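No hydrogens, no waters, no symmetry mates; every other heavy atom, side chains included, goes into these values. Everything quoted here is computed from the prediction, not taken from an experiment.
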Amino acid sequence: MRRVKAASAPNLVGMSQEELGDLAEAIGERRYRGKQMFDALYTRKLKRVEEFVQLSKGAREKLKGLGVDTGRAEVFHAARSTDGTVKLLLKLQDGRVLETVGIPSNYSSKSRLTVCVSSQVGCPMKCTFCATGKGGFARNLNASEIVDQVLAIEEEFGKRVTNVVFMGMGEPLLNLPAVIKAQQCLNQNVGIGQRNITISSVGVPNAIRKLAMEKLQSTLAVSLHAPNQALREKLIPSAKTYPLYALMEDCTAYFEITGRRVTFEYTLLSGVNDLPEHAEELAKLLYKHNLASHVNLIPYNPVDESDYQRPSRQSISLFEEALKKRKVPVSVRVTRGMDASAACGQLRNEFQKEPMLEVAESTPSEGDDWQTASV
């Protein structure tokens, strides 16, 4: 019998059926016990090893003795919107709190349940308009903690999740290994199609090309928020060391490597980046790099202590029409959960009044630039 060290005892969520079979054998059980643990985790969504009654009492005691845990987090708080959106605060094993959001919708007569998952506790990117950045940064999430968010939303709604977007707290490409492992688990273990998973990024040097080499069938959504370098630097501090032209070149490389087009996110801020001239400049930027695939416009959700405002409906419409006039595919995201602290990080900040301290080794170095930084 192989030995499992307690110090390296894994969280079960995130493990495949094969890995769970290996664990069963490692504690002296038959391999089919792995299938039973798999069903307990992903179908029945049991939260504690003690609840795995298909296993013998002895097997459960072995797992507990080794410190093995399911990895399921406690629901610390839930905010439910009148439009059906639910935002959960999950309390992790180290006491940190993260957000995840369930968004039900009907699309082309089909019922959808989308989960917006977080990839970090907080975010080190410090985008000037983002509520998450104002709350500080603590650490990366592991794959188990990412997958658990989807299981928590499935429990909350009592139905299967159909779509996952990595658009919650954190910068996914600063936590690429865990994000890729979570993506694979969500696809293979939870049963969510790769094409129904979107990974969003504001841009991290070298990371887009690394993601491309994984040849995932998921969508990459790049958050531009500005059509030129000067304005982008004001909104996104990291743009100073990862210039817009370098980001667009990486997006072009991503398409060439994967054959999958990149989509672009653009948060509209009243009087800042929402003028028709900005839309015209954005269209020129995308056509210059042969990347005029799709732009998703996101009207800003106001947060406390922010100088930014949500644009008027007229401004949103004029921006949209300016892109359509230039043959750029565009959509406007329908704002959901406004009565449940809709902005990313907003609900967590209501419970955590003091910003967290940054963990220096997990954040981009001030000296890193787009030519030298690594993930």
If we only count heavy atoms from C-beta on, is the [X] to [Y] side-chain gap below 4.5 Å?
X: N189; Y: S16; value: yes
X: V115; Y: V117; value: yes
X: L286; Y: R326; value: no
X: N301; Y: R310; value: yes
X: R30; Y: Q36; value: no
X: E265; Y: M167; value: yes
X: R33; Y: F52; value: no
X: L92; Y: L98; value: yes

### Task
Determine, step by step, whether L141 and S118 satisfy the side-chain contact (heavy atoms from CB on, under 4.5 Å) criterion, reporting the C-alpha distance in whole Å, the side-chain angles of both residues, the deciding distance to 0.1 Å, and the verdict.
CA-CA 8 Å; L141 296 176; S118 296; 4.2 Å; yes

### Query
Should side-chain heavy atoms under 4.5 Å link Ile, Leu, Val, Met, Phe, Trp and Tyr, which residues sit in the same cluster as I257?
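Reading the cluster by chain and number, I257 sits alongside M213.
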
Spacing of [X] atom [atom1] and [Y] atom [atom2] [to the nearest 0.5 Å]:
X: L235; Y: L269; atom1: CG; atom2: CG; value: 6.0 Å
X: N206; Y: L211; atom1: CG; atom2: CG; value: 13.0 Å
X: D250; Y: Y245; atom1: CG; atom2: OH; value: 10.5 Å
X: L275; Y: L268; atom1: CG; atom2: CG; value: 10.0 Å
X: H294; Y: T263; atom1: NE2; atom2: OG1; value: 7.0 Å
X: I208; Y: I199; atom1: CD1; atom2: CD1; value: 11.0 Å

### Query
Can you name the residues that form a ring-ring contact (aromatic ring centres under 6.0 Å, His included) with F129, not counting sequence neighbours?
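Partners of F129 under the ring-ring contact (aromatic ring centres under 6.0 Å, His included) test: H225.
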
Taking only residues two or more places apart in sequence, or in another chain, which ones meet [X] in a salt bridge (Lys or Arg N to Asp or Glu O under 4.0 Å)?
X: K325; answer: none
X: D274; answer: none
X: E50; answer: K64
X: K45; answer: E154

### Message
Tell me which pairs pass ring-ring contact (aromatic ring centres under 6.0 Å, His included) where either residue lies in residues 265-293, with sequence neighbours left out.
### Response
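Residue pairs with at least one partner in residues 265-293: Y266-F319.
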
Heavy-atom pair of closest approach, residues [X] and [Y]:
X: V222; Y: C251; answer: CG2-SG, 3.7 Å
X: C127; Y: V202; answer: SG-CG2, 4.2 Å
X: G122; Y: T132; answer: C-CG2, 3.6 Å

[Y] backbone acceptor or donor facing [X] side chain under 3.5 Å:
X: N142; Y: S144; result: yes
X: K181; Y: A143; result: no
X: Q194; Y: N187; result: no
X: S293; Y: V262; result: yes
X: R80; Y: V86; result: no
X: N273; Y: P227; result: no
X: T100; Y: C116; result: yes
X: R260; Y: Q217; result: yes
X: Y254; Y: K210; result: no
X: R31; Y: E18; result: yes

### Task
In plain terms, say whether E51 and R44 are close enough for a salt bridge, that is, a side-chain N and a carboxylate O under 4.0 Å apart.
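Not counted as a salt bridge, because no side-chain N and carboxylate O are separated by less than 4.0 Å.
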
#### Entry: Pair R96 + E145: basic N to acidic O under 4.0 Å
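Salt bridge absent between R96 and E145.
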
Do [X] and [Y] belong to the same hydrophobic cluster, where Ile, Leu, Val, Met, Phe, Trp and Tyr are linked whenever their side-chain heavy atoms lie under 4.5 Å apart, directly or via other members?
X: L113; Y: V75; answer: yes
X: L231; Y: L247; answer: yes
X: I298; Y: V165; answer: no
X: V161; Y: F157; answer: yes
X: I180; Y: I146; answer: yes

So, using side chain to side chain donor-acceptor pair (under 3.5 Å) as the criterion, who are the partners of [X] when residues are at least two apart?
X: R48; answer: none
X: E281; answer: N228
X: E233; answer: Q229
X: T128; answer: Y308

### Query
Should H77 and E99 be marked as a side-chain contact (heavy atoms from CB on, under 4.5 Å) after you check the CA-CA gap, both sets of side-chain angles, and the distance that decides it?
CA-CA 10 Å; H77 179 79; E99 286 184 3; over 6 Å; no

### Query
E320 and K324: salt bridge (charged side-chain N to carboxylate O under 4.0 Å, His left out), yes or no, with the steps?
CA-CA 6 Å; E320 180 185 15; K324 287 182 176 179; 3.2 Å; yes

### Task
Let me see the working for V190 and V147 under side-chain contact (heavy atoms from CB on, under 4.5 Å), right down to the final yes or no.
CA-CA 9 Å; V190 184; V147 173; 4.2 Å; yes

### Message
Within the supplied structure, the quantity of interest is the number of heavy atoms (other residues, nucleotides, ligands) at a distance under 6.0 Å from D307 CG; does it exceed 12?
### Response
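No, the 6.0 Å shell around CG holds no more than 12 heavy atoms from other groups.
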
What I want to check is whether the side chains of [X] and [Y] have a donor and an acceptor closer together than 3.5 Å.
X: E171; Y: Q120; result: no
X: Q183; Y: S218; result: yes
X: Q93; Y: D69; result: yes

### Within 45° cone and under 6.0 Å: R261 NZ/CZ vs F255 ring
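Yes, a cation-pi geometry.
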
### Query
Quick one: side-chain hydrogen bond (donor to acceptor under 3.5 Å, both in side chains) pairs with a partner in residues 158-167, sequence neighbours left out?
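Of all non-adjacent pairs touching residues 158-167, those that pass side-chain hydrogen bond (donor to acceptor under 3.5 Å, both in side chains) are S111-K159.
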
### Query
Does the side-chain contact (heavy atoms from CB on, under 4.5 Å) test come out yes or no for L41 and L151, once each step is laid out?
CA-CA 9 Å; L41 290 168; L151 300 182; 5.8 Å; no

